[in-house]
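By convention in this document, chain letters (A, B, ...) are assigned in the order of the sequence lines, proteins followed by strands, and residues within each chain are numbered from 1.
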Number of protein chains: 2
Amino acid sequence: MTSAENLVKGGHERSSCPIASTLDILGDKWSLILVRDLLTGKQRYNQFCSSPEGVPTNLLAARLRKLEAQGIILKEPYQTRPVRYAYTLTPAGRALLPVLQEMSRWANSYIEGTWTPPEAFMSMKAKV
Amino acid sequence: MTSAENLVKGGHERSSCPIASTLDILGDKWSLILVRDLLTGKQRYNQFCSSPEGVPTNLLAARLRKLEAQGIILKEPYQTRPVRYAYTLTPAGRALLPVLQEMSRWANSYIEGTWTPPEAFMSMKAKV
DNA sequence: TTCGTCACTTGAATATCACAAGTTACTCTG
DNA sequence: CAGAGTAACTTGTGATATTCAAGTGACGAA
């Protein structure tokens, strides 16, 4: 059972369709890229910046803010002096793993030239 | 094995990551809504228009064109006088079913108020 | 004191979006 | 045959979002 504090905060959904609602929250070019990076161990602003897709830094900041507000990621300082932040996935964020795995499977089958993710990623189980 | 004619035509991908490549093709607010409608039996322009999300007609036309160009959907006249068109999914399009199923599962667990899709949809197998 | 790094902001140009209205081709009704 | 209706779009306009480049502030190291 999913308790209330694990729920994502949607804004103004277009409909109650689960697919449409998911897209309202994650349906853009960058959000799921960030979730991918977080699932594969990246935690810091600079690490996201240096992913091969090259997210513009203002969009990165905006997306991180939005995903945090929605309860998909968590921002915490992991040191003071100077203060540095680590971003991590909430249970809701980690639960997106199967979506990304299916996307990978699809791309590997239907888009030429996509690399196959590490076996570790494809066989990973979301521990929520 | 997937033969060449079943492959999707990506434009200029940001990277060879299968997730990023998928998002380059489908990472917007409307494309997967259309795939959902097609998977659930809708075939015509007006039917897409009347989905509860209310896609603007200019975007609908643009997305249909794009998805057709990418090889995810097929546009065929199903009658002449007057000519009327039916849109259907290609094998690549049908293969997106598991992605949508996982999105539904995620939304049902983590977004409050989403309706659960018909059992028929959730247990459907993509016959590619 | 100057340099570099991290984590962002700001600004300007461009692209995309939503909303409303119009168009074309045809059929159907009276 | 005039007028209304429907399907499948297209066009125009203003708002919003995205990209690209550059700048900022806090700190730490040399």
*Does dC26(C) have OP1 or OP2 sitting under 4.0 Å from an N or O in the side chain of Arg84(B)?*
no
*Round to the nearest Å and state the distance from Lys42(B) atom NZ to dA8(D) atom P.*
13 Å
*Between Gln47(B) and Lys29(A), name the one whose nearest nucleotide on DNA chain D is closer to the 5' end.*
Gln47(B)
_5′-ward residue of the pair Asn58(A)/Leu64(A) relative to DNA chain C_ = Leu64(A)
*Phosphate oxygens OP1/OP2 of dC9(D): is one of them under 4.0 Å from a side-chain N or O of Lys75(B)?*
yes
*Choose from dC8(C), dT10(D), dC20(D) the nucleotide whose nearest atom is closest to any side-chain atom of Tyr45(B).*
dT10(D)
*Are Met122(B) and Leu38(B) grouped together when hydrophobic residues (ILVMFWY) are joined by side-chain heavy atoms under 4.5 angstrom apart?*
yes
*Quick one: on DNA chain C, does Thr57(A) or Pro82(B) contact a more 5' nucleotide (nearest heavy atom)?*
Thr57(A)
*Please state how far atom CG in Leu60(A) lies from atom P in dT9(C), giving the value in whole angstrom units.*
10 Å
*Side chains of Met124(A) and Leu97(A): closer than 4.5 Å at any heavy-atom pair?*
yes
*So among Gln70(A), His12(A), Arg14(A), which one has a side chain to side chain donor-acceptor pair (under 3.5 Å) with Asp24(A)?*
Arg14(A)
*Take atom CZ of Arg14(B) and atom P of dC20(D), then tell me their distance rounded to the nearest Å.*
11 Å
*Of the non-hydrogen atoms in Phe121(B) and Ser104(B), which two are nearest, and what is the gap between them?*
CE2-OG, 4.0 Å
*Can you tell me how far P of dA25(C) sits from OH of Tyr85(B), to the nearest Å?*
12 Å
*For the pair made of NE2 in His12(A) and C1' in dC17(C), what is the distance, rounded to whole Å?*
14 Å
_What is the distance, to the nearest angstrom, from the CG atom on Leu59(A) to the C1' atom on dC8(C)?_
13 Å
*Does the side chain of Arg65(A) get closer than 4.0 angstrom to OP1 or OP2 of dT9(C) through an N or O atom?*
yes
*Round to the nearest Å and state the distance from Gln79(B) atom CD to dA8(D) atom C1'.*
12 Å
*Phosphate oxygens OP1/OP2 of dC6(C): is one of them under 4.0 Å from a side-chain N or O of Tyr78(A)?*
no
*Give one of base, sugar-phosphate or nothing for Tyr87(B), where a contact means two heavy atoms less than 4.0 Å apart.*
sugar-phosphate
*Is the distance from OP1 or OP2 of dT18(D) to the nearest side-chain N or O of Trp30(A) less than 4.0 Å?*
no
*Please walk me through it: do Ile73(B) and Val35(B) pass side-chain contact (heavy atoms from CB on, under 4.5 Å)?*
CA-CA 8 Å; Ile73(B) 68 180; Val35(B) 174; 5.6 Å; no
*Ignoring backbone atoms, test whether Arg63(B) places a side-chain nitrogen or oxygen under 4.0 Å from the OP1 or OP2 oxygen of dT16(C).*
no
*asked:* Rounded to whole Å, please give me the gap between CD1 in Ile73(A) and P in dA7(C).
replied: 13 Å
